[in-house]
**Student:** 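Structure below; questions to follow.
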Amino acid sequence: MTTVTKTTATKPRNSRDIQHWDIDTDVAIIGFGGAGASAAIEAADAGAKVTIFELASASGGSTALSSAEIYMGGNGGTPVQQACGYHDDTENMVNYLKACFGNQADDTKIRDYCENSLMHYEWLTGLGVPFKLSELKERAIMALTDDCLLFTGNEKAYPFTEHATPVPRGHNLEIEGDNGGPLLMKILTEAVQERNIEVHYDSRALTLICNDAGEVEGVVVRIDQQEKTVRARKGVILCAGGFCMNEEMVRKYAPSFDCGLVPIGNPGDTGSGILMGLGVGAGTTNMHECFVSLPYYPPASLTYGILVNDKAQRFINEDCYHGRVGYNALMAQRNAKRIYFITDVEGYGEYEKMSYLGAQVAGTGDSVAELELELELPAGSLQHTVDQYNSGASEGKDPLFHKAAAWLRPLTPPYVALDCTLGRGPFYPFFTLGGLDTLPSGEVLNPDGEVISGLYAAGRTTAGIPRTAAGYASGMSVGDVTYFGRRAGACAAQN
């Protein structure tokens, strides 16, 4: 009886066992999202024969599902930043990103990204990506207008203002509504089609192929229910996304986030690229970290309110980015039984007309004491917190958490409390921020820091610029995946 061995991601094939190569190419790219598309374009422009293998029936990946804000700056500023009156020094951008991710930061990648950010802007516009020379001044998660520039992170919030001068770096494509991701992928896909790049849709990458020396020489893919061997003479680039859709991997590698959060991404974010890398001895980094958010604005007016735990204690300056707030609500307040957003009628504003949060009204009151009683908080606790907050806010100060003066004003009756407790209604989305350990060039490293010949990776299959929600800004992922996708494509083509 013939024993059929199942092909698995973590068990690579040996090239000496390959009798016949079904597909022959220079660079094989796994995944046709923002990273894969950028890698393919750059590799093809460098003269390599490129073949893309995409699990889905069309290009897009998680990039197409995003707002596609792109985090760019430095070098004096992009044309958009300059047109809007901002000068963005490269060191200022470096300092900000280092402050965002602390000892988890990859300083080499940060510097590489910041020093070449302006050139990345020019590469994007050269492909036809449209950016309007205008700024959206309001506090927003995304620009629903066709305006380009906006503050998308913690640039204006403490403690980041202690490390860098606030400059907006979120670049929204010139399109109305939340349609930036589809437009960006449309442009990148058309750029791929204009080049001599072969694309196989509905093709699942199964495992890598390497030789006795551990050098990657190809990949096994399943097309039309048949396993095909692909020889990649110059290298394989893994751009297969993260692992937020793989509950087992989340539980194993990022257990703190295995708590009922909502995964956001595409169905292919199952960690297959990471597992294939592990199979050939790749190292990983930052696997325990994820992006998580509590999208409490819009309306921006909620920022005037305060977040408290079940002891009526504040725990964050509420003018932070929604990811930093979500991270602190989840991590720092893990033992709290309740998280409430306390505001007044003016701050509640347009919440019922325009919001993403999904939190229900947990209580109302004509006085703080009445609200405190309705929320079953310890006697006097919320009254003390609100009195303390209002006292400082009336003078434009927040001595405890340093919320910016622009978002400080005393809360006045009647009061409203939104229940922001995980599992009680509010939207807590997440995706992973860890993956294969790579150089800025996209070359994959083993645990000893040595390059695995012939293997490259980019996008959320790797740990790129963003390392934790506590310092995240919208646009960091799309900026990261497109930029380092390009770097991987260029490096592989030169192999």
Side-chain angles (χ1 to χ4, degrees), residues 9 23 25-44 48 50-66 68 181-182 184-186 188-189 191-193 195 197-208 216 218-223 228 230 232 235-246 249 264-279 282 431-436 438 442 444 454-464 477-478 480-493:
I23 300 172
T25 190
D26 288 336
V27 178
I29 297 175
I30 310 304
F32 196 175
S38 301
I41 293 166
E42 202 77 1
V50 180
T51 307
I52 301 175
F53 299 92
E54 167 55 43
L55 174 66
S57 300
S59 63
S62 295
T63 301
L65 302 175
S66 74
L184 177 60
M185 281 310 305
K186 176 178 182 292
L188 292 177
T189 301
V192 167
Q193 293 169 344
R195 290 156 173 83
I197 296 173
E198 185 178 358
V199 181
H200 292 270
Y201 293 109
D202 302 306
S203 61
R204 181 185 295 274
L206 301 177
T207 195
L208 294 168
V216 173
V219 61
V220 179
V221 299
R222 184 187 295 128
I223 302 174
K228 306 285 187 180
V230 180
V236 175
I237 308 178
L238 301 172
C239 302
F243 59 95
C244 67
M245 298 298 180
N246 188 325
M249 283 187 71
I264 54 171
N266 74 86
D269 283 333
T270 59
S272 60
I274 297 170
L275 294 174
M276 283 190 280
L278 288 172
F431 58 82
T432 55
L433 293 175
L436 300 178
T438 58
V444 176
L455 186 60
Y456 306 82
R460 293 287 67 82
T461 300
T462 72
S477 270
V478 177
D480 172 272
V481 305
T482 52
Y483 176 74
F484 288 107
R486 290 178 56 212
R487 294 280 273 115
C491 187

**Student:** With sequence neighbours excluded, what pairs up with Arg195 under the salt bridge (Lys or Arg N to Asp or Glu O under 4.0 Å) test?
**Tutor:**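 With neighbours one apart ignored, the set is Asp45.
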**Student:** With sequence neighbours left out, what residues match Phe32 under ring-ring contact (aromatic ring centres under 6.0 Å, His included)?
**Tutor:**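 By the ring-ring contact (aromatic ring centres under 6.0 Å, His included) rule, Phe32 matches no residue at all.
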**Student:** I'd like to know if the side chain of Thr462 reaches the main chain of Gly435, judged simply by a donor and an acceptor atom lying under 3.5 Å from each other, with no hydrogens or angles considered.
**Tutor:**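 Looks like no, no N/O pair under 3.5 Å.
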**Student:** Going by the rule side-chain contact (heavy atoms from CB on, under 4.5 Å), which residues pair with Leu278 if we only count those two or more places apart in sequence or in a different chain?
**Tutor:**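 Only Tyr253, Ile274, Leu275, Thr284 meet the side-chain contact (heavy atoms from CB on, under 4.5 Å) criterion with Leu278.
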**Student:** Only pairs under 3.5 Å count here: list side-chain donor-acceptor contacts from residues 235-242, not counting sequence neighbours, and write none if there are none.
**Tutor:**
none

**Student:** With sequence neighbours left out, write down each residue that passes side-chain hydrogen bond (donor to acceptor under 3.5 Å, both in side chains) with Thr438, or none if nothing qualifies.
**Tutor:**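 side-chain hydrogen bond (donor to acceptor under 3.5 Å, both in side chains) check on Thr438 returns Lys109.
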**Student:** For Met185 and Ala37, work out which heavy atoms get closest and say how close.
**Tutor:**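 Looking at all heavy atoms of both residues, the closest pair is CE-CB, 4.3 Å.
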**Student:** Going by side-chain hydrogen bond (donor to acceptor under 3.5 Å, both in side chains), name the residues that satisfy it together with Ser203, two or more places apart in sequence or in a different chain.
**Tutor:**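 Residues passing side-chain hydrogen bond (donor to acceptor under 3.5 Å, both in side chains) with Ser203: none at all.
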**Student:** Which heavy atom of Leu55 sits nearest to which heavy atom of Gly268, and what is that distance?
**Tutor:**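 Between these two residues, the closest heavy atoms are CD2-CA, 3.9 Å.
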**Student:** Report the residues that fulfil side-chain contact (heavy atoms from CB on, under 4.5 Å) with Ala282, sequence neighbours left out, ordered by chain and then residue number.
**Tutor:**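 Expected list: Leu436, Val444, Ile452.
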**Student:** Indicate the atoms forming the closest heavy-atom contact of Asp202 with Ser57, along with that distance.
**Tutor:**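 Looking at all heavy atoms of both residues, the shortest contact is OD1-OG, 2.6 Å.
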**Student:** Give the minimum heavy-atom separation between Thr207 and Ala9, together with the two atoms involved.
**Tutor:**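 The pair with the smallest heavy-atom distance is OG1-O, 3.2 Å.
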**Student:** Name all residues meeting the side-chain contact (heavy atoms from CB on, under 4.5 Å) criterion together with Ile264; count only those two or more places apart in sequence or in a different chain, and write none if there are none.
**Tutor:**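 Once residues adjacent in sequence are excluded, the partners of Ile264 under the side-chain contact (heavy atoms from CB on, under 4.5 Å) criterion are Phe427, Pro429, Phe431.
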**Student:** Tell me, please, which residues at least two apart from Thr189 pass side-chain hydrogen bond (donor to acceptor under 3.5 Å, both in side chains).
**Tutor:**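 Checked Thr189 against side-chain hydrogen bond (donor to acceptor under 3.5 Å, both in side chains); matches are Ser59.
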**Student:** Report the distance from atom CG of Leu208 to atom CE of Met276, rounding to the nearest 0.5 Å.
**Tutor:**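 These two atoms lie 5.5 Å from each other.
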**Student:** Which value, rounded to the nearest 0.5 Å, describes the distance between Leu433 atom CG and Cys244 atom SG?
**Tutor:**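 It comes to 10.0 Å.
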**Student:** Could you work out, with side-chain contact (heavy atoms from CB on, under 4.5 Å) as the rule, every residue matching Ser38, not counting sequence neighbours?
**Tutor:**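 Partners of Ser38 under the side-chain contact (heavy atoms from CB on, under 4.5 Å) test: Trp123, Leu188, Thr482, Arg486.
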**Student:** Please determine which of Ile23, Thr25, Val199, Ile29 meets the side chain to side chain contact (heavy atoms under 4.5 Å, CB included) test together with Phe53.
**Tutor:**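 Of the listed residues Ile23, Thr25, Val199, Ile29, the side chain to side chain contact (heavy atoms under 4.5 Å, CB included) partner of Phe53 is Ile23.
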**Student:** How would you list, by chain and number, every residue that makes a side-chain hydrogen bond (donor to acceptor under 3.5 Å, both in side chains) with Ser272, sequence neighbours excluded?
**Tutor:**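 Scan of Ser272 (side-chain hydrogen bond (donor to acceptor under 3.5 Å, both in side chains), adjacent residues dropped) gives none.
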**Student:** If I compare all heavy atoms of Gly265 with all of Leu65, which pair ends up nearest, and what's the gap?
**Tutor:**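 Looking at all heavy atoms of both residues, the closest pair is O-CD1, 3.2 Å.
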**Student:** For the residue pair Ile41 and Val192, establish whether any side-chain heavy-atom pair is separated by less than 4.5 Å.
**Tutor:**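 The answer is yes; the side chains approach within 4.5 Å.
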**Student:** Test of understanding: with salt bridge (Lys or Arg N to Asp or Glu O under 4.0 Å), list the residues that count as partners of Asp269, not counting sequence neighbours.
**Tutor:**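 Applying salt bridge (Lys or Arg N to Asp or Glu O under 4.0 Å) to Asp269 gives none.
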**Student:** So which heavy atom on Thr432 is nearest to which on Arg460, and how close?
**Tutor:**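 It is O-CD, 3.5 Å.
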